[in-house]
Amino acid sequence: MRPRPPAMRQKRRYILVRILPAGTHPDSKQLYLAIHEAATSLFGDAAIGLAAPAVVFCDGEYAVVRCLRGTEQDLATALATVTFIGDRRIALRTLATSGTISAMKRRMKPVCQTGEASEILLGEKYFTAYHYPCQKVDLIEKSNKHQKLLFFTETDMEER
Amino acid sequence: MNATDAGICPYPAGDSSLRRMAIEAADLGFDSVVAVDGERCALEGLVALRGSVISGQSMRDVLSGLRRVSCATDIVFVDAGNLTFNRSVIPLRGIHILRSIHTTPRNSFDHVSARMAADRGVAVDISLHPLLHSRGSARQRVIQRYADILTLHRRYRFLLTISSHARSILDQRSVRDAEALCALFGMTSEEVHAALKTVGTLLTPRQPVRVLE
């Protein structure tokens, strides 16, 4: 089948989002389902059917969400209302909107840990501490289920 | 104070420390936050103000709560209630913001309350939390309620504040997200920016001109 000529194709927009907390690493399908649920709940089936959202890229830290041109503002609003993927709490931070995926990929800066993960005792619970730039420290409770997440800074850790 | 998140709840009420929430708020475009039961400080290029919440069903509770509020508190919130309660609370000296208006009955904040709030310089808080975390009819009710408040605001010009009521960095949203979420009930970008500046206005209220000799 011959592809449509460019003038007949629907124009698309790509939205770059950062996935919080770092280290969540959802897969594309899970992320799509979360976005679809949030968007449908907010704007309804008809509006989201016309927006045709899709997750075209997801590497754990960043994701690129596609939609039709003219619907990117609505989709960005819906992205702000995504709070869960499955049973894990997340947040999506919209960083940029563009007409090409390559423009989005140029804006992705890898989020690297600044040191080794360490084990700390907080209260009566053990946590694994992951250190990130800007003095950020994410604490994940060492437990088999219902792992508690805490978000501190290096200064907070020194004060304790 | 050009963009203030008028209510965050840091650790131990939430799961994120005040410093971490300050870093996140600065990244999201805010220059100040009001930390409920936090402490007044300057962190990461951002001003954190101390807020206290008075929750009560009756005027007696509110008056005793006002007496307990320490002088270190910058902003005093009162949880809204029914019509009589709101009309009694708004004229009280020392109250800055009426919050949780979306949890009250529809007729609890009417044109008389709106005019009183405008005269007394009391702000009404628009919380983004129910817009993010509720779904279906619950969110529809919140949007209806905020649209009603916005109609009264446009008529009587009382102050509005916008808060995330975030207990975690995952609940915090950017200024642009706040604009998009407030657009759901018809708030314009200019109104959102004015609401984000309201906390600064509350801290330095208009006073009669004094002649110094």
Side-chain angles (χ1 to χ4, degrees), chain A residues 15 17-22 24 37-44 47 72-85 88-97 111 122-123 127 131-141 147-160, chain B residues 8-29 38-39 41 43-46 48 128-140 142-143 164-185 187 189 192:
Chain A
I15 302 172
V17 293
R18 191 155 66 87
I19 302 166
L20 289 182
T24 307
E37 184 276 328
T40 308
S41 165
L42 192 61
F43 292 111
E72 62 269 20
Q73 186 58 53
D74 286 350
L75 194 63
T77 309
L79 290 172
T81 66
V82 176
T83 50
F84 278 93
I85 286 186
R88 281 177 295 169
R89 288 196 63 205
I90 64 147
L92 300 178
R93 300 265 189 262
T94 304
L95 300 180
T97 305
V111 182
L122 202 66
F127 289 83
H131 299 257
Y132 293 99
C134 302
Q135 295 201 331
K136 295 176 184 175
V137 183
D138 290 1
L139 302 172
I140 301 176
E141 187 184 347
Q147 289 179 320
K148 195 175 176 185
L149 271 168
L150 294 174
F151 303 99
F152 284 4
T153 62
E154 303 274 3
T155 316
D156 296 320
M157 304 301 291
E158 285 162 13
E159 284 176 1
R160 280 169 199 284
Chain B
I8 58 168
C9 307
Y11 186 83
D15 65 11
S16 308
S17 69
L18 179 56
R19 277 195 186 84
R20 183 66 184 271
M21 292 183 102
I23 292 173
E24 203 67 27
D27 286 348
L28 293 170
E39 54 194 46
C41 51
L43 299 163
E44 320 296 339
L46 179 140
L128 301 180
H129 195 269
L131 293 173
L132 299 177
H133 291 274
S134 58
R135 295 281 190 269
S137 60
R139 182 155 61 187
Q140 289 163 20
V142 172
I143 289 173
S164 62
H165 281 157
R167 289 173 180 269
S168 165
I169 58 163
L170 303 179
D171 293 335
Q172 289 180 278
R173 292 295 179 268
S174 64
V175 172
R176 194 178 291 181
D177 285 339
E179 277 180 44
L181 290 165
C182 291
L184 293 172
F185 50 87
M187 203 166 177
S189 182
V192 171

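Naming convention: chains lettered A, B, ... in sequence-line order (proteins, then strands); numbering from 1 in each chain. All of these numbers come straight from a predicted model, not from anything done at the bench.
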Next item on the list: Against chain B, label A:Phe84 side chain, backbone, both or neither, depending on which of its atoms sit under 4.5 Å from a heavy atom there.
Entry: neither
Check: Is there side-chain contact between A:Thr83 and B:His133, with heavy atoms separated by less than 4.5 Å?
Finding: yes
Next item on the list: With a 4.5 angstrom heavy-atom cut-off, could you sort out which part of A:Ala78 is near chain B: side chain, backbone, both or neither?
Entry: neither
Next item on the list: With a 4.5 angstrom heavy-atom cut-off, could you sort out which part of B:Ile143 is near chain A: side chain, backbone, both or neither?
Entry: neither
Notebook entry, point to check: Salt bridge check: are B:Asp27 and A:Arg18 linked by an N-O gap of less than 4.0 Å?
Noted result: no
Checklist line | Choice from A:Val137, A:Asp156, A:Leu139 maximising heavy atom contacts with chain B below 4.5 Å | finding: A:Asp156
Next item on the list: Kindly indicate whether the side chain of A:Thr94, heavy atoms from C-beta on, has any atom under 4.5 Å from the side chain of B:Arg173.
Entry: no
Next item on the list: Grab the two heavy atoms, one from B:Tyr11 and one from A:Leu150, that are nearest each other, plus how far apart they are.
Entry: CE1-CD2, 4.0 Å
Next item on the list: Decide yes or no for B:Leu181 and A:Thr77: does some side-chain heavy atom of the first lie under 4.5 Å from some side-chain heavy atom of the second?
Entry: yes
Checklist line | Interface residue of largest heavy-atom contact number with chain B, from A:Glu37, A:Gln135, A:Arg93, under 4.5 Å | finding: A:Arg93
Next item on the list: Check whether A:Asp74 gets within reach of chain B through its side chain, its backbone, both or neither, counting any heavy atom under 4.5 Å.
Entry: neither
Checklist line | Heavy-atom proximity to chain A below 4.5 Å, by part of B:Gln172 | finding: both
Next item on the list: Identify which part of A:Glu154 has an atom lying under 4.5 Å from any heavy atom of chain B, answering side chain, backbone, both or neither.
Entry: neither
Check: Tell me, side chain or backbone of B:Leu28 under 4.5 Å from chain A's heavy atoms, or both, or neither?
Finding: side chain
